[in-house]
There are 2 protein chains.
Amino acid sequence: MALEVFARAGFHGASMNDVADAAGVTKPVLYQHFDSKRELYQALLEEVGTRLLRNIDKAASEATDGKSQTELGFRAYFRWVAEDHDAFLLLFGSGSRRDNEFAAAVRRITAESANAIAPLIAVDIDEDHRTTIAHALVGLAEGASRRLVDRGDAFDPDEIAAQVSALAWAGLRAVQRVD
Amino acid sequence: MALEVFARAGFHGASMNDVADAAGVTKPVLYQHFDSKRELYQALLEEVGTRLLRNIDKAASEATDGKSQTELGFRAYFRWVAEDHDAFLLLFGSGSRRDNEFAAAVRRITAESANAIAPLIAVDIDEDHRTTIAHALVGLAEGASRRLVDRGDAFDPDEIAAQVSALAWAGLRAVQRVD
DNA sequence: GCCGCCGGTTACCATTGGGTAACGTATGTC
DNA sequence: GACATACGTTACCCAATGGTAACCGGCGGC
C-alpha cells in the first residue's frame with residue numbers, strides 16, 4: 001500500500017512508480033484518483049491522523065476522571081502505534097513536518113491531542129503556557145513511541161501506557177505557576 | 001549560512017545553489033569543502049548536535065542532586081532552542097529523521113540525552129523500559145520546543161524549563177514497576 | 001463477425017538539481 | 001611586459017522523476 005511505501009521511504013524517497021507498484025497498478029491509474037503526488041500524500045496524512053484522533057477521543061470519552069482519562073488516552077495512543085507502525089512513521093517519523101503544507105496537517109493532529117490534554121492541567125497558569133505543556137505531553141508519547149518503533153521489536157502498549165501515563169499524571173499535578 | 005537554509009527548507013527543499021548563495025559563494029566552491037550534499041548536511045547535523053549535547057552536559061554536571069540536574073538540563077536545552085531556532089529545526093524539525101543515514105545522527109543525540117536522564121529513574125524497572133521512559137522525557141522537551149518554535153514569538157526559556165522540569169521530576173518519581 | 005468504446009499500459013516529455021569540466025582573471029614572478 | 005599559477009565562475013551534463021499523451025486489447029452492441 002501507499003502508506004507503507006511512504007512510511008518507509010518518506011515523501012521524497014518514494015516515487016510515484018514505487019507507490020503504484022506497491023498498489024499493484026501503474027502510474028496513470030494513480031493519477032485518475034489523485035491529481036498530484038502531494039494530494040495523495042496529504043490524503044494519507046489526513047486519513048491516518050483522523051484515525052488516531054478518533055481512537056484517542058473514543059478511549060478518553062469513556063473515562064470519568066482526569067486520571068483515568070490520561071491512562072486511557074495514552075493507552076489508545078500506544079495501541080495505535082503498536083498496531084500501525086507505518087501510520088506512526090508517516091505522521092511523526094517525519095519528513096511530513098518539513099513541508100509547510102504537510103506540517104499543517106501534522107500540527108492539526110498534535111494540536112487536537114494537546115487540546116484534549118490541556119484541561120487536565122489544574123493550575124491557573126495562562127492559556128499559552130498551558131498549551132505548551134500540553135504539547136510537551138504529546139511529545140512525551142511521541143518520544144517513547146519513536147524509540148519503540150526504532151527498536152523494531154514488538155512491545156506491550158498497555159504496559160508502556162501505564163508507565164508513561166503515571167509519569168504524565170504525576171507531572172501534570174506538579175506544574176506550578178511561575179512568576 | 002547553510003544551517004539557516006537547510007533549517008528553513010529541509011534537505012530536499014534546499015538546493016546546493018541555495019546553500020552556496022546564502023554562503024556568498026558558488027557551487028563549485030562548496031564542493032571543494034564537501035564531497036557531496038549529503039556530507040555537508042551530515043557535518044551540520046553533527047556540529048549542531050554536539051553543541052547541544054555539550055551545553056546539556058555542562059549544565060547538568062554542575063548539579064549536585066537529581067532534581068537540580070533535571071532542572072539545569074532542561075534549562076540548558078530550552079536556552080539552546082531559544083537562541084538557536086535553526087539548529088532545533090535542523091535536528092528535530094525533521095526531514096533529518098527520514099533518511100536512514102541522517103536519522104542515525106539524530107538518534108545519537110537523543111540517545112545520549114536519554115542516557116543522561118535514565119539514571120534519574122529510581123525504580124528498579126528493567127533497563128529497557130527505563131531507556132524508553134528516558135526517551136519519552138527527551139520527547140517531552142522536543143514537543144514543548146516544537147510548539148514554541150512554531151509559534152514564532154520569543155519565549156523565556158528559563159520559565160518553560162521550570163515548568164517542564166517540574167513536570168518531569170515529579171513524573172520520574174512516579175514511574176512504577178508494572179507486572 | 002465487425003465496430004466503437006473504455007480502462008489500462010507503455011512510452012515519452014520537461015524540469016529540477018547534483019555534480020563537474022572548461023574557461024577567465026587577477027596576482028606575483030622573472 | 002610576458003608568463004604561469006591559483007582560485008572562482010559560468011556553463012554544461014545527466015540521472016531521476018512528476019506528470020501526460022498516444023497506443024492497445026477486450027468487451028458489448030449491431
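Note on naming: letters A, B, ... go to the chains in the order of the sequence lines (proteins, then strands), and numbering restarts at 1 for each one.
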CZ of Arg38(B) versus P of dG17(C): gap in Å, rounded? 16 Å
Interatomic distance where CD belongs to Gln32(A) and P belongs to dT9(C) [whole Å]: 9 Å
Using the ring pair (Phe, Tyr, Trp, His ring centres under 6.0 Å) criterion, which residues pair with Phe6(A)? Sequence neighbours excluded. Tyr41(A)
From dG18(D), dT10(C), dG18(C), nucleotide with atom closest to Met16(A) side chain: dG18(D)
Interatomic distance where CG belongs to Asp35(A) and P belongs to dG18(D) [whole Å]: 15 Å
Would you indicate what Ala20(B) reaches in the nucleic acid, counting non-hydrogen atoms under 4.0 angstrom: base, sugar-phosphate, or nothing? nothing
How many Å lie between CG on Asn17(A) and P on dG18(D), as a whole number? 8 Å
Send over the distance from Tyr41(A) OH to dG19(D) C1', rounded to a whole Å. 20 Å
Tell me the interatomic distance from Leu40(B), atom CG, to dG19(C), atom P, rounded to whole angstroms. 10 Å
Please pick, from dG19(C), dG18(D), dG8(D), the nucleotide with the shortest atom-to-atom distance to any side-chain atom of Tyr31(B). dG19(C)
Quick check: are there more than 12 heavy atoms from other residues, nucleotides or ligands sitting under 6.0 Å from CG of Asn100(B)? no
Cation-pi check for Phe102(A) against Arg38(A): NZ or CZ below 6.0 Å from the six-membered ring centre and within 45 degrees of the axis, yes or no? yes
Decide whether a cation-pi geometry holds between Arg146(B) and Phe88(B); the criteria are a distance under 6.0 Å from NZ or CZ to the six-membered ring centre and an angle within 45° of the ring axis. no
If you only use heavy atoms from C-beta on, which nucleotide in dT9(C), dG18(C), dT20(D) is closest to the side chain of Thr26(A)? dT9(C)
Could you please name the option among dG18(D), dG8(D), dT10(D) that lies closest to any side-chain atom of Pro28(B)? dT10(D)
Using whole Å, report how far CG of Asp21(B) lies from P of dT9(D). 10 Å
Relative to the ring of Phe78(A), is the ring of Phe74(A) parallel (under 30°), tilted (30 to 60°) or perpendicular (over 60°)? parallel
For Lys27(B) and dG17(C), what is the distance between atoms NZ and C1' respectively, to the nearest whole Å? 7 Å
Can you find a donor-acceptor N/O pair under 3.5 angstrom joining the side chain of Lys37(A) to the base of dG19(D)? no
